[in-house]
*Asks:* 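Have a look at this one.
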Amino acid sequence: MGKKVLAIVSSPRVNGNTDMMVDSFLKGARDAMHRTEKIYLRDFHIEFCRGCGVCSSTRHCVIKDDMERIIDKLVDADVIVFSTPVYFYSMSGQMKTFIDRLMPVYNELSGRDFYFIVAAADSDGSIESTMQALYGFTDCIENASVRGKLYGGGNWHKGDVIGKDILKTAYVMGLNI
């Protein structure tokens, strides 16, 4: 059997551009016989990290919210996809909050392959600051490997990616995990 691929979608927009790009990526992964799952952060109640530091010694967060429902799936995955729309040259607040709340388990993500899928209204060059923020997380993980990044610049309105090569590129990226 193939790898376990977990996609985290932080866009609050249902069937938005980021979501469609992730769907194409996951279709490619499934066609390559990998197991896939997609989690929408909009469907979970995730509070902000309080910075208390308790998790550094316990591996558990003191906040009791929906994050607990996601962590085991994340740790169990072989491949992790972070997808976010770009808001003011950075990731969505939902993605940042999610990443901050991974403090208890980020060491357990050692050796994972990561993919970043990002959509933005502006050109591809403006997405670089968002990618750097995502790399900031993986830089903290031992032996983490960013295997692919997909820039979806020039896609502001819902559905702008339809009929564009970016969806084919996403599919091929997933196919080649």
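We use all heavy atoms of the structure for the numbers below, so side chains are in, but hydrogens, waters and symmetry mates are not.
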*Asks:* If you group Ile, Leu, Val, Met, Phe, Trp and Tyr by side-chain heavy-atom gaps below 4.5 Å, do Met95 and Ile127 land in one group?
*Replies:* yes

*Asks:* If I compare all heavy atoms of Ala77 with all of Ile80, which pair ends up nearest, and what's the gap?
*Replies:*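 Heavy atoms of Ala77 and Ile80 come nearest at CB-CG1, 4.1 Å.
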
*Asks:* For residues Ala119 and Asn17, report the shortest heavy-atom separation together with the two atoms involved.
*Replies:*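 Closest pair (atom of Ala119, atom of Asn17, distance): CB-CB, 4.1 Å.
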
*Asks:* Hey, could you give me the CZ/OG distance between Arg42 and Ser92, rounded to the nearest 0.5 Å?
*Replies:* 11.0 Å

*Asks:* List the atom of Arg13, the atom of Trp156, and the distance in Å for their closest heavy-atom pair.
*Replies:* NH1-O, 3.0 Å

*Asks:* Rounded at 0.5 Å granularity, tell me how far NZ in Lys4 sits from CG in Leu74.
*Replies:*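 Lys4 atom NZ to Leu74 atom CG measures 12.5 Å (nearest 0.5 Å).
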
*Asks:* Would you indicate whether the side-chain heavy atoms of Met20 and Ile166 approach each other to under 4.5 Å?
*Replies:*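 No; the side chains remain at least 4.5 Å from each other.
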
*Asks:* According to a 4.5 Å side-chain heavy-atom criterion applied to Ile, Leu, Val, Met, Phe, Trp and Tyr, with indirect links allowed, do Leu6 and Val79 form part of one hydrophobic cluster?
*Replies:* no

*Asks:* Hey, could you give me the OG1/NZ distance between Thr36 and Lys27, rounded to the nearest 0.5 Å?
*Replies:*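 The OG1 atom of Thr36 sits 11.0 Å away from the NZ atom of Lys27.
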
*Asks:* Contact between Tyr115 and Val5 at the side-chain level, heavy atoms closer than 4.5 Å - yes or no?
*Replies:*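 Answer no - side chains too far apart.
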
*Asks:* With a 4.5 Å heavy-atom cut-off, do Ile177 and Asp113 have their side chains touching?
*Replies:* no

*Asks:* Please report the interatomic distance CZ(Phe116) to CG(Leu150), rounded to the nearest 0.5 Å.
*Replies:*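 Between atom CZ of Phe116 and atom CG of Leu150 there are 12.5 Å.
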
*Asks:* Check whether Val75 and Leu102 end up in the same hydrophobic cluster, where Ile, Leu, Val, Met, Phe, Trp and Tyr are linked by side-chain heavy atoms less than 4.5 Å apart.
*Replies:* yes

*Asks:* Ignoring hydrogens and geometry, is there a side-chain-to-backbone donor-acceptor pair from Arg59 to Val105 under 3.5 Å?
*Replies:* no

*Asks:* For the side chain of Asp76 and the backbone of Asp72, is there at least one donor-acceptor N/O pair under 3.5 Å apart?
*Replies:*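 A pair under 3.5 Å: no.
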
*Asks:* Can you find a heavy atom in the side chain of Thr97 that is under 4.5 Å from one in the side chain of Leu41?
*Replies:*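 No, too far: nothing below the 4.5 Å cut-off.
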
*Asks:* Find out whether Asp78 and His34 are in side-chain contact, i.e. whether some heavy atom of one side chain is under 4.5 Å from a heavy atom of the other.
*Replies:* no

*Asks:* Could Lys96 and Asp100 be called an ion pair, given the rule that one side-chain N must be under 4.0 Å from one carboxylate O?
*Replies:*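 Yes, this pair counts.
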
*Asks:* Salt bridge check, Lys168 against Asp165: does any charged N sit closer than 4.0 Å to a carboxylate O?
*Replies:* yes

*Asks:* Ignoring hydrogens, what is the shortest heavy-atom contact between Asp19 and Asn15? Give both atom names and the distance.
*Replies:*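 Minimum heavy-atom contact is OD2-N, 3.3 Å.
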
*Asks:* Compile the donor-acceptor pairs under 3.5 Å between side chains in residues 134-149 and protein atoms, sequence neighbours left out, one pair per line.
*Replies:*
from, atom 1, to, atom 2, distance (Å)
Thr138, OG1, Tyr135, O, 3.1
Lys149, NZ, Tyr151, OH, 3.3

*Asks:* When you compare the side chains of Thr18 and Ser83, does any donor N or O come within less than 3.5 Å of an acceptor on the partner?
*Replies:*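 No - no donor-acceptor pair under 3.5 Å links their side chains.
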
*Asks:* Check Leu175 against Ala32 and note the closest heavy-atom contact, atom names and distance.
*Replies:* O-CB, 3.4 Å

*Asks:* Nearest 0.5 Å, what's the NE2-CE distance between His60 and Met67?
*Replies:*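 Nearest 0.5 Å value for the NE2-CE distance: 13.5 Å.
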
*Asks:* So, does Ser57 use its side chain to make a donor-acceptor pair with the main chain of Val54 at under 3.5 Å?
*Replies:* yes

*Asks:* Please report the interatomic distance CD1(Ile71) to CZ(Arg101), rounded to the nearest 0.5 Å.
*Replies:* 7.0 Å

*Asks:* Is there a chain of hydrophobic side chains (I, L, V, M, F, W, Y, each step under 4.5 Å between heavy atoms) that links Leu109 to Met91?
*Replies:*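 They do share one cluster, since a chain of ILVMFWY contacts under 4.5 Å joins Leu109 to Met91.
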
*Asks:* Answer yes if Tyr106 and Ile99 sit in the same cluster of Ile, Leu, Val, Met, Phe, Trp and Tyr residues linked by side chain heavy atoms under 4.5 Å apart, and no otherwise.
*Replies:* yes

*Asks:* Between Lys64 and Glu68, what is the shortest heavy-atom contact and its length?
*Replies:* CD-OE2, 3.0 Å

*Asks:* More than 12 non-hydrogen atoms from neighbouring residues, nucleotides or ligands closer than 6.0 Å to CE on Met131, yes or no?
*Replies:* yes

*Asks:* Should Tyr40 and Val14 count as side-chain neighbours, where that means a heavy-atom distance under 4.5 Å?
*Replies:* no

